[in-house]
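Shown next, in structure tokens, is the structure this report addresses.
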Amino acid sequence: MTPIEKKLHDRSGSVCEISGVTEDLVVYTVAPQTTESLENSLLISKKLKDQIENPETTNPNDWRGLSDSMWNEHLPVQIVSWRMLARLKNHDLLEMMYLDEDALEWAKATGEGEDEEGKIIHKDSNGNILNDGDSVVLIKDLDVKGANFTAKRGAPVHNIKLVWDNAEQIEGRVEGQYIVILTQYVKKTK
């Protein structure tokens, strides 16, 4: 167990900070943050984490704990609660929730709560939806500007990060270099 994971277990009493379940708990760092910390992360069931990362699998029944978690004193829990209430279009609870300006900006950073037409969705060359943390493979040799190397076709890129304001770009590490890659040149692997 990592030190952050232990602190999150201590903070939550070893229960999912959204649903209250006690088994299959994982650390979830709330995007666009990337560093695991008490200020950026929460303890959540793997089932709920998977639904956050794969919106098409969202099951509203699994999110009944939102009416309690939205009042949690810890900001990452509030942010995830706001995002899921927005995704589930639960406007009654959303209207009751208060987030200060910075927190609301963080909550909206992934596009939850926006109309579908205004939401930025990243898709690979085959039209598959990409999410933070996915793995992709390059489908073409790419000359990397400023780094003096060519990223070869077939090169795997693990744990990608989405460029939140541009649906055509992702970031990832290729040959030890952190680069921006156009989504049209990648294929999702899992």
As an exercise, state the distance from CG of Asp24 to CD1 of Ile44, rounded to the nearest 0.5 Å. 11.5 Å

Please report the closest heavy-atom contact between Pro55 and Asn131, naming both atoms and the distance. CD-OD1, 4.2 Å

Is there a donor-acceptor pair closer than 3.5 Å between any side-chain N or O of Asp132 and the backbone N or O of Leu162? yes

Checking side-chain polar atoms at under 3.5 Å, does Thr189 have a donor or acceptor matched by the opposite partner on Ser135? no

Heavy-atom pair with the smallest gap, counting every atom of Ala107 and Leu99: CB-CD1, 4.0 Å

Answer whether the closest heavy-atom distance between the side chains of Lys46 and Tyr28 falls below 4.5 Å. no

Using only atom types and a distance under 3.5 Å, with no angle test, would you say the side chain of His122 pairs donor to acceptor with the backbone of Asn166? yes

Do the non-hydrogen side-chain atoms of Leu75 and Glu39 ever get within less than 4.5 Å of each other? no

Can you list the steps and then say if Lys187 with Asp124 is a salt bridge (charged side-chain N to carboxylate O under 4.0 Å, His left out)? CA-CA 5 Å; Lys187 180 174 71 173; Asp124 73 359; over 6 Å; no

So, taking the atom named CG in Asn72 and the one named CG in Leu66, what distance separates them when rounded to the nearest 0.5 Å? 11.5 Å

Single hit among Val77, Ile18, Leu8, Ile4 for side chain to side chain contact (heavy atoms under 4.5 Å, CB included) with Leu43: Leu8

In terms of hydrophobic clusters joined by side-chain contacts under 4.5 Å, are Ile121 and Val180 together? no

In Å and rounded to the nearest 0.5 Å, what is the CG to CG distance from Leu38 to Asp10? 9.5 Å

Just by modelled atom types, is the Val27 backbone N or O under 3.5 Å from a matching donor or acceptor in the Glu5 side chain? no

At their closest point, which heavy atom of Ser14 faces which heavy atom of Leu25, and how far apart are they? O-CD1, 3.4 Å

Just checking, is any N or O donor in the side chain of Ser19 or Arg64 under 3.5 Å from an acceptor N or O on the other one? no

With a 4.5 Å limit on heavy-atom distance, are the side chains of Val174 and Phe149 in contact? yes

Return yes if a side-chain donor-acceptor contact under 3.5 Å exists between Thr29 and Asn40, otherwise no. no

Is a donor on one side and an acceptor on the other found under 3.5 Å between the side chain of Thr150 and the backbone of Lys152? no

Any luck finding a side-chain donor-acceptor pair between Gln51 and Trp63 under 3.5 Å? yes

Scan Asn128, Ile170, Val136 and name whichever one has a side chain to side chain contact (heavy atoms under 4.5 Å, CB included) with Thr183. Ile170

Hydrophobic cluster membership, Leu93 vs Leu88, 4.5 Å side-chain cutoff: yes

Greater than 12 external heavy atoms within 6.0 Å of Lys47's NZ: no

Would the distance check show the side chain of Lys188 and the main-chain N or O of Ile129 forming a donor-acceptor pair, the cut-off being under 3.5 Å? yes

Residue pair Ile181 / Leu142, side-chain heavy-atom distance below 4.5 Å: yes

Rounded distance [0.5 Å steps], OH in Tyr185 versus NZ in Lys140: 4.0 Å

Which atom names give the shortest non-hydrogen contact between Leu138 and Ala151, and what distance separates them? CD1-CB, 3.5 Å

Heavy atoms, side chains only, cut-off 4.5 Å: are Arg87 and Trp82 in contact? no

Just wondering, do Arg83 and Ile79 contact through their side chains at under 4.5 Å, heavy atoms? yes

Looking at every heavy atom in both Ser45 and Cys16, which two are closest together, and how far apart are they? N-SG, 3.4 Å

Distance col, row Met70:CE vs Leu85:CG, nearest 0.5 angstrom, shows 6.5 Å

Pairwise side-chain contact, Ser41 with Pro76, heavy-atom cut-off 4.5 Å (strictly under): no

Look at the side chain of Trp106 and the backbone N and O of Asp102, then say whether any donor-acceptor pair between them is shorter than 3.5 Å. no

Hey, does Val186 have a side-chain heavy atom less than 4.5 Å from the side chain of Leu130? yes

Do the charged groups of Arg11 and Glu17 touch, with an N to O distance under 4.0 Å? yes

Please say yes or no: joined through hydrophobic side-chain contacts below 4.5 Å, possibly via intermediate residues, are Tyr98 and Met84 part of one cluster? no

Would Val26 and Val21 show up in the same hydrophobic cluster when neighbours are defined by side-chain heavy atoms closer than 4.5 Å? no

At what distance, to the nearest 0.5 angstrom, does NE2 of His9 lie from CE of Met1? 4.0 Å

Transitive ILVMFWY side-chain link Val144 to Val137, under 4.5 Å: no

